[in-house]
**Student:** 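One structure follows; several queries about it will come next.
In what follows, every heavy atom counts, from backbone to side chain, and hydrogens, waters and symmetry copies are set aside. Here is how names work: the chains are called A, B, and so on, in the same order as the sequence lines, proteins then strands, and each is numbered from 1.
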Amino acid sequence: MSTRYNFRDNEAKWQKAWDEASIYQAHATSPKYYVLEMWPYPSGRLHMGHVRNYTIGDVIARYKRSCGYSVLHPMGWDAFGLPAENAAIQQKVHPQTWTLENIRLMKEEIKSLGISYDWSREIFSCSPVYYVHEQKMFLEFLKKGLAYRKESFVNWDPVEGSVLANEQVIDGKGWRSGAPIERRKLSQWFLKITAFAQELLEDLEKLKHWPEQVKTMQANWIGRSEGARIQFPLINQKDVLEVFTTRPDTIFGASFLGISTDHPFVENLAKGFPALQAFMAECHATGTSQKELDTTEKKGFNTGLSVQHPFLKDVVLPVYVTNFVLMDYGTGVVFGCPAHDVRDYEFAQKYDLSIIPVVKGPEEEGLPYEGDGILINSQFLNGLTTKEAKEEVIKRLVREKIGTSEISYKLRDWGISRQRYWGCPIPIIHCATCGVVPVPEEQLPVKLPQDVSFDQPGNPLELHPTWKNVECPKCHKPAERETDTFDTFVDSSWYFARFCSPHALQPFEKDKAEFWMPVDQYIGGIEHAILHLLYSRFFTKALRSCGYWDISEPFQNLLTQGMVCHETYRDQTGSWLYPHEVEKQGAAFVKSSNGSPVKVGRSEKMSKSKCNVVPAAKIVDEYGADTIRLFMLSDSPPERDFEWTEAGIEGSWRYLNKIWRLVTGNLDEIQSVKLSDAPGHFTPEALSLRKLTHKTIHYVTQDIEQFHYNRYVARLREFSNVLEDFTPSEASERWALSEALHTLVLTMSPALPHLAEELWAELGHPPFVVNQPWPKPQEDLLTVDQVTLAIQINGKMRGTCKIAPDLGKDAARALILDLPFVKAQVQNTMIKKFIYVPGKIVNVVY
RNA sequence: GCGGGCGUGGUGGAAUUGGUAGACACACCAGACUUAGGAUCUGGAGGCGAAAGCCAUGGGGGUUCGAGUCCCUUCGCCCGUACCA
């Protein structure tokens, strides 16, 4: 018996054995369990965030397998995207070559972790076999009116002459060129997610096991609000401007109209109005991100036009073109009520507009006051509450035919066009005669051409002569292919369905998909709380309305994991250092290469830019898969951030060896034990061990079910701490020890599959431990006959007392008031209150 | 700016969801053992204090017999913000 566990040989051995037995291949037999981790973007190296994600998923997959479920646990590649193009530009390597090589490397690393994936279902978003279905779906959506074309803004880099992602715009400038970015309009494809706004909102209630904060974020993102649409006729003109407002009650506080720079009326007005044109250009000299738009200084341009107040015939309001009214929300026009809106208040002060308070709050409030209250200065609304006033205004608007009630959503349609090469081509042909023509189904897939160059800026597809120039399928005259590709979120909005029948000729076989779906447990980073998850929910519903299946929600349960963090290090020059470049000298850190002092920064999310990354492959190589898996589970609960430390991984490695010694060191003791022959009598020591064994099963099961993996590991450690001190002296104790060791191996197997497999063999069993049923606790061993009751006197902890857990209140009172330390404190004072929570606490108030 | 979170010893965290704050670990200290190892084993440990005890869950206030947990307020950090994935 070796005292050191040989992870290198064992992990390779068992991974090979699992592979050869194909034990992780999913078979569609009930009951089913579909566990899915978010598929990775193949960046080339596995990082700790991936390891954490896959480990969390693997524990539940293995646990459910032991519980008798038929488990589907697949893995694939979110292989399209911007980094491949950046690599192409920087390293002169084709995006496909770069991507496939990255996949090869990452797959090798994932495999070394021993995750129970069914690799026969592996899929790649960049393969035409995958994206052909996406192109067909898009054409279906087009037929159903769920896809359409409209103009919208992109970040335009005037120096590069290309479109930039928000990420590539830094402080309003292009990341490569440094040139100020402008917003430019392009005609682009959109998916009508707003058609499902109400359903996406309502169905959140069905998602019982989604984190509340994710549901709240999605609900706020959808942003349903009830309000009114009100007409404001322009003075001396025929036109009418329509406003959407959620505060129709404040209509008498209106002092101006704000209209979006992108409103058709403004675009029209700007013709022959150079000052306005200049203002609009000024507003467009910014990127498209919401954060940038919101934090840019609020500006307005007085058009000189004015509108009539809907209820006050002698009041006219000036019309300002503004940079803070969004064309995408409501009607693109707002009325400004400075007394009751912070933004309007600032605007009114800047442009010296009147501020009329019309809502009186419950207390003396300063302005602006955005809360509810009683209406003042408001004609027929005076004295009404905010809620009543809203109803009354709408009633009048409808009666006078100058407005209606309206429900509005913040959610905007999903722009899916990207002016990039490395994505799924949009299957459309533009013809001068026939307009927008879908590529006929028999010509699908539209494959990406291989022969492209990144020597010039912009999308290489634009510059590709033979791919771009085609014949119109309808009139056969020369036409052009759509050169935009899909947003990569499209690829990840249905991959979970493809896994159900990954080799099917259609996107997925309906019966297979309806058998496996919905995903029973979805696991991924919190950063996807809104976009990816909302798009996937939308796609599921859109596919339903196109007749693909009868599924409405893709993910039954959701776990959002926290980030993996690490300390940051900088040398004297301020450059970031990798953890492997520094070493500890006493309490301080120094640079390994020259011994110079290192400044230790706070722990942050692992990122290449700050060099605080630890490559997973290195750790697997040094400590093995089980050690890294154990550490990933031990410290933090999955939804919290995780702190990576060298000490932590060491600690996990030591624990692995401890288990190894514990089991192998007791083999002789339990050699003669037959677990099927339970002894008739147990010594008190044996009984007490058995109680712990069954309590451990009980709690470990609960902890795994609830994803309290750190507690699960803590229970295993507590259990093994006791086992270490247990020396059997007769038969029933040897039996109890054998039961305990078997339980330890079985319960640790979801976390430490390789070690468990090896020890299962050492215990004399044929493979595989992963196919063993999950142990069940014996109920009669879970009862306790005494608990430690906490005793408070006047709310302060004063002592404890051993007591039967179900003792009645009167008996408990007599017993406790008779305790010496209670008597001493209370003496003969009258007891005012005696609070008794059986099994937990007593509070004596005197 | 807006939306959502998080904050507990030197460190990561635990606390049956309003009932003994610090489980389980890491780091540390003291000791044992030795075929000096990536060891292992035993003991200690929130702070102050000789002790009794007092103080402690980012800060301040409140509700309660009782608050890490609920409410108000404030500070700090993190995620998302629609073209990073």
**Student:** Report the nucleotide, chosen from B:rC83, B:rG12, B:rC24, that has the shortest atom-to-atom distance to any side-chain atom of A:Asn721.
**Tutor:**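 The answer is B:rC24.
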**Student:** To the nearest Å, give me how far apart CG (A:Asp491) and P (B:rA85) are.
**Tutor:**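 Rounded to whole Å, this separation is 10 Å.
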**Student:** Send over the distance from A:Asn220 CG to B:rU81 P, rounded to a whole Å.
**Tutor:**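 The answer, rounded to whole Å, is 15 Å.
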**Student:** Under 3.5 Å, is there an N or O donor on one side and an acceptor on the other linking the side chain of A:Asp294 and the base of B:rG1?
**Tutor:**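 Indeed, a donor on one side and an acceptor on the other fall under 3.5 Å apart.
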**Student:** Over how many whole Å does the gap from A:Tyr836 atom OH to B:rG19 atom P extend?
**Tutor:**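 Atom-to-atom, A:Tyr836 to B:rG19, this comes out as 16 Å.
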**Student:** Within 45 degrees of the ring normal and closer than 6.0 Å to the centroid, is that where the cationic atom of A:Arg149 sits relative to A:Phe190?
**Tutor:**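 The answer is no; the distance or angle limit is not met.
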**Student:** Nearest to the side chain of A:Gln290, which nucleotide is it out of B:rC79, B:rG1, B:rC83?
**Tutor:**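 Output: B:rG1.
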**Student:** If you check every side-chain atom of A:Lys796, which of B:rC55, B:rC24, B:rA21 has the closest atom?
**Tutor:**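 Minimum distance to the A:Lys796 side chain belongs to B:rC55.
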**Student:** So, applying side chain to side chain contact (heavy atoms under 4.5 Å, CB included) with A:Arg52, which one of A:Trp644, A:Phe631, A:Phe642 is it?
**Tutor:**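 Exactly one pass, corresponding to A:Phe642.
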**Student:** Can you tell which of B:rU20, B:rC79, B:rC84 lies closest to the side chain of A:Ile526?
**Tutor:**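 Out of B:rU20, B:rC79, B:rC84, the nucleotide with an atom closest to A:Ile526's side chain is B:rC79.
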**Student:** Flag the pair A:Glu724 and A:Arg661 as a salt bridge only when some basic side-chain nitrogen lies within less than 4.0 angstrom of an acidic carboxylate oxygen.
**Tutor:**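 Salt bridge between A:Glu724 and A:Arg661, a charged N being under 4.0 Å from a carboxylate O: no.
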**Student:** What does A:Gln168 touch in the nucleic acid at a heavy-atom separation under 4.0 angstrom: a base, only the sugar-phosphate, or nothing?
**Tutor:**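 A:Gln168: no heavy atom of the nucleic acid under 4.0 Å.
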**Student:** Just the rounded figure in Å: distance from C1' of B:rC83 to CD of A:Glu160.
**Tutor:**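 One finds 14 Å between C1' of B:rC83 and CD of A:Glu160, rounded.
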**Student:** Assert yes or no for the condition that the ring centre distance of A:Trp39 to A:Tyr495 is strictly below 6.0 Å.
**Tutor:**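 Distance test on ring centres: under 6.0 Å, yes.
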**Student:** With respect to the side chain of A:Glu718, which nucleotide from B:rA23, B:rA25, B:rC65 is positioned closest?
**Tutor:**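 For the A:Glu718 side chain, the nearest candidate turns out to be B:rA23.
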**Student:** Given B:rA82, B:rG13, B:rG38, identify the nucleotide with an atom nearest to the side chain of A:Ser289.
**Tutor:**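 Ranking B:rA82, B:rG13, B:rG38 by closest atom to the A:Ser289 side chain puts B:rA82 first.
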**Student:** Which of these nucleotides, B:rA85, B:rC65, B:rU20, is closest to any side-chain atom of A:Val845?
**Tutor:**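 Out of B:rA85, B:rC65, B:rU20, the nucleotide with an atom closest to A:Val845's side chain is B:rC65.
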**Student:** Nucleotide by nucleotide, 5' to 3', does protein get under 4.0 Å of the base (B), only the sugar-phosphate (S), or neither (-) in nucleotides 41-48 of chain B, counting heavy atoms?
**Tutor:** SS------
**Student:** Quick one: on RNA chain B, does A:Ile835 or A:Thr645 contact a more 5' nucleotide (nearest heavy atom)?
**Tutor:**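 Closest to the 5' end, via its nearest nucleotide, is A:Thr645.
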**Student:** I need the NZ-C1' distance between A:Lys298 and B:rC2, as an integer number of Å.
**Tutor:**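 For the pair A:Lys298 NZ and B:rC2 C1', the rounded distance is 10 Å.
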**Student:** Closest approach to the side chain of A:Gln419, judged atom by atom: which nucleotide of B:rG66, B:rA82, B:rC83 is it?
**Tutor:**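 Selected nucleotide (nearest to the side chain): B:rC83.
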**Student:** Answer yes or no: are there more than 12 heavy-atom neighbours, outside A:Lys192 itself, under 6.0 Å from its atom NZ?
**Tutor:**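 No - once you tally the heavy atoms of other residues, nucleotides and ligands closer than 6.0 Å, there are 12 at most.
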**Student:** Choosing from B:rG19, B:rA82, B:rA85, which nucleotide comes nearest the side chain of A:Asn843?
**Tutor:**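 Within the option list, the nearest is B:rG19.
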**Student:** Of A:Asn794 and A:Thr488, whose nearest nucleotide on RNA chain B comes first from the 5' end?
**Tutor:**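 Of the two residues, A:Asn794 wins.
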**Student:** Between P on B:rC65 and CD1 on A:Ile791, what's the gap in Å once rounded to a whole number?
**Tutor:**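 That distance rounds to 20 Å.
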**Student:** Using a cut-off of 6.0 Å, state whether more than 12 heavy atoms not belonging to A:Lys298 lie near its atom NZ.
**Tutor:**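 Count over threshold, so yes.
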**Student:** If we ignore angles and hydrogens, is there a donor and acceptor under 3.5 Å between the side chains of A:Asp484 and A:Gln419?
**Tutor:**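 Their side chains do contain a donor-acceptor pair, which is all the 3.5 Å distance test asks for.
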**Student:** Using whole Å, report how far CG of A:Leu326 lies from P of B:rG1.
**Tutor:**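 In whole Å, B:rG1 P and A:Leu326 CG are 17 Å from each other.
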